[in-house]
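Structure record follows, encoded as C-alpha cells.
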Amino acid sequence: MRRRIFGWGRVVSVASAALVAALAAAPAVAAADAAGDVTWSVTPAAASGPDGRSVVEQELDAGSSTEDYFAVRNLSPSEVTFRLTAADGYYTDAGRFNMLPAGEESIDAGTWIDMPETVTVGADATAVVPFTTTVPDDATPGDHAAGIAASVLSSSTDDSGAQVGVESRVGFRVLTRVTGEITPSIEVAAVTTAYDMSWNPFRPGVATVSFDVRNTGNASVSVVGRVGAGAGSVSFPASDEPQQLLLPGDSRSFTVAVGDVWPTLFVPASISLTPSATDFGGARIDMAPLTADVTIWAVPIPQLLLLLGVTLVLVALLWGRRRSRRRFVAAIAAAREEGMASAGARANAGESVPLTRSALRSAERRDRDG
C-alpha cells in the first residue's frame, strides 16, 4: 500500500521489500536506519539562496525554456544525499497540492523539468540546485502544474515483521502558464439530491445536494459558492475548510447539506458558483457566476400522516353525532307511534281519550258548522 502527502512535511510511501531493494540500489538515495534521523526543507530560490517564494510561477511560450533554482537545506547533524524528482502535480479533495508518486508516469509539466538526479548537502548546510523548464512546441496554452521534491529512503519493520521501505519527500509547486488565449471556464455536472425528513411533523428536514464542478477551461480556477434549498442556504467551502482550486481538466465533488427545509413535495434548490481566476501578476480574469437549478423530491409523509389522523378523528366525531341524532329521532318516532297505538286501543275499549290541542280545535270547528 502507499501513503503520500506532499507539502512542507514528510511524505511516506510504504512498499514491498522488493521495491525497497530496487530504490535502495539507486545511487540517488541515501538510506538511513530511521526516517526521523534526517530533517530538511526544499524551497524555490535564486542563485544566491532562498528568495522567500513558496511557489514557482512562470509564464512561457510554447517551445521556449527558462532556468530557475531551488534550495535544499539539510537540518541534520550529518551529510545527506537527497534524491531529486519532478512529477505532474494535482490538488487533493482536501485542497492540498500533491505530486504523482514515483510509481506513476508523468505526462505533462512533470516531464518538462530537467535537473540533477541527486544533491549531497552537508550537515546544517544548504545547496542551491538549478533546474530548467522546457515547454514543448505543441503544448496547449494555459496552466500546467508540476512538483519538485527532495527525498530520502529509510528502512523499518512493520507489525508483521516484514521489512519495508519508507520514502520521505519534501517539495514545492511549479506552475507553468503557456502563453496564448486564456479561457477560464467551469461547469456543474452529476447533480444528485436527497431529502432526510424528520418524523416529527412539526420539525423540518435536511436537504442534501451533491454535484461535481469541472474545470473545462485552460486556467486554474478557485471555486466558492452557495447551495440553497427551500428558504435555507449554505456556503461552501466552509470558513474552516481549505480553498478549492481546480487545475485545467480537474473535477471536484461537493456535498452540501441544507437544514430547516420543510417537505413541500417539490423543494426548489439552486447551486450558485462564484469562480475566480488570476494571472501571475495577481490581476483578476473576468468569470461570470454560474447557477444550476434543481428540484428536490420531498414527500411530507409525517405531515400527511398527521392530517390523515386528524381527518379520521373528525370523521369519527361527525359519524358519532349523526348516529346519536338518528337514535334520538328514532326514539321520538317510536314513542309517538307507541302513544298513538295506546290511544287507539283505549278508544276501542270505550275509554275516554285525552284530545290533543289540534283535535280539540277540530272538534270545536265541527260543532260550529254542525
Side-chain angles (χ1 to χ4, degrees), residues 4-13 23-32 35 37-60 64-90 96-136 139 143-154 166-178 280:
R4 56 183 186 274
I5 303 175
F6 184 81
W8 299 114
R10 191 170 295 259
V11 177
V12 179
S13 298
L23 291 174
V29 176
D37 293 344
V38 181
T39 305
W40 72 104
S41 65
V42 183
T43 61
S48 57
D51 57 6
R53 291 179 295 168
S54 60
V55 177
V56 171
E57 295 181 328
Q58 49 196 12
E59 193 165 6
L60 298 172
S64 65
S65 63
T66 187
E67 185 177 75
D68 209 328
Y69 302 88
F70 63 93
V72 181
R73 183 181 180 188
N74 178 16
L75 303 173
S76 308
S78 59
E79 181 181 89
V80 178
T81 297
F82 296 94
R83 181 189 181 198
L84 304 178
T85 56
D88 291 348
Y90 63 95
R96 299 191 59 173
F97 185 79
N98 206 340
M99 59 183 277
L100 298 180
E104 296 185 30
E105 183 179 0
S106 296
I107 59 174
D108 196 47
T111 65
W112 302 353
I113 297 173
D114 182 43
M115 61 185 178
E117 293 184 354
T118 64
V119 62
T120 300
V121 187
D124 197 23
T126 300
V128 175
V129 181
F131 71 94
T132 302
T133 303
T134 302
V135 180
D143 293 340
H144 303 260
I148 291 178
S151 61
V152 296
L153 262 190
S154 61
V166 179
E167 179 191 18
S168 303
R169 67 183 186 185
V170 177
F172 60 92
R173 178 179 52 185
V174 179
L175 184 62
T176 302
R177 172 165 288 179
V178 179
F280 286 163

Side-chain donor or acceptor of Trp40 paired with backbone N/O of Val152 under 3.5 Å: no

Interatomic distance, Thr39 atom OG1 to Asp124 atom CG [nearest 0.5 angstrom]: 11.0 Å

List the atom pairs, donor and acceptor, that lie under 3.5 Å between side-chain atoms in residues 68-75 and the rest of the protein, sequence neighbours left out.
residue: Asp68; atom: OD1; partner: Arg53; partner atom: NH2; Å: 2.9
residue: Asp68; atom: OD2; partner: Arg53; partner atom: NH1; Å: 3.2
residue: Tyr69; atom: OH; partner: Glu67; partner atom: OE1; Å: 3.1
residue: Asn74; atom: OD1; partner: Ser76; partner atom: N; Å: 3.0
residue: Asn74; atom: OD1; partner: Ser76; partner atom: OG; Å: 3.1
residue: Asn74; atom: ND2; partner: Ser78; partner atom: O; Å: 2.8
residue: Asn74; atom: ND2; partner: Val121; partner atom: O; Å: 3.2
residue: Asn74; atom: ND2; partner: Gly122; partner atom: O; Å: 3.1

Nearest heavy atoms of Leu84 and Ala150, plus distance in Å: CD2-CB, 3.7 Å

Verdict with reasoning, Thr176 to Leu60, per side chain to side chain contact (heavy atoms under 4.5 Å, CB included): CA-CA 7 Å; Thr176 302; Leu60 298 172; 4.2 Å; yes

Closest approach of Val128 to Ala46 (non-hydrogen atoms, all atoms of both residues): CG1-O, 3.6 Å

Nearest atoms (heavy-atom pairs only) where Arg169 meets Asn98: NH2-OD1, 3.4 Å

CA sep, side-chain torsions, deciding dist, call: Val174, Gln58, side chain to side chain contact (heavy atoms under 4.5 Å, CB included): CA-CA 8 Å; Val174 179; Gln58 49 196 12; 3.7 Å; yes

For Met99 against Ala149, the heavy-atom pair lying closest together: SD-CB, 3.8 Å

Atom pair CH2/OG1 of Trp112 and Thr132 - distance to nearest 0.5 Å: 14.5 Å

Residues in side chain to side chain contact (heavy atoms under 4.5 Å, CB included) contact with Glu59, at least two apart in sequence or another chain: Arg177, Thr179, Phe280

Distance-minimising heavy-atom pair for Met115 and Ala86: CE-N, 3.5 Å

Flag, side chain of Asp88 to backbone of Ser106, donor-acceptor distance under 3.5 Å: no

Minimum heavy-atom distance Asp108-His144, with the two atoms named: OD2-ND1, 2.9 Å

Residue pair Thr43, Phe172: steps toward the side chain to side chain contact (heavy atoms under 4.5 Å, CB included) verdict: CA-CA 6 Å; Thr43 61; Phe172 60 92; 5.9 Å; no

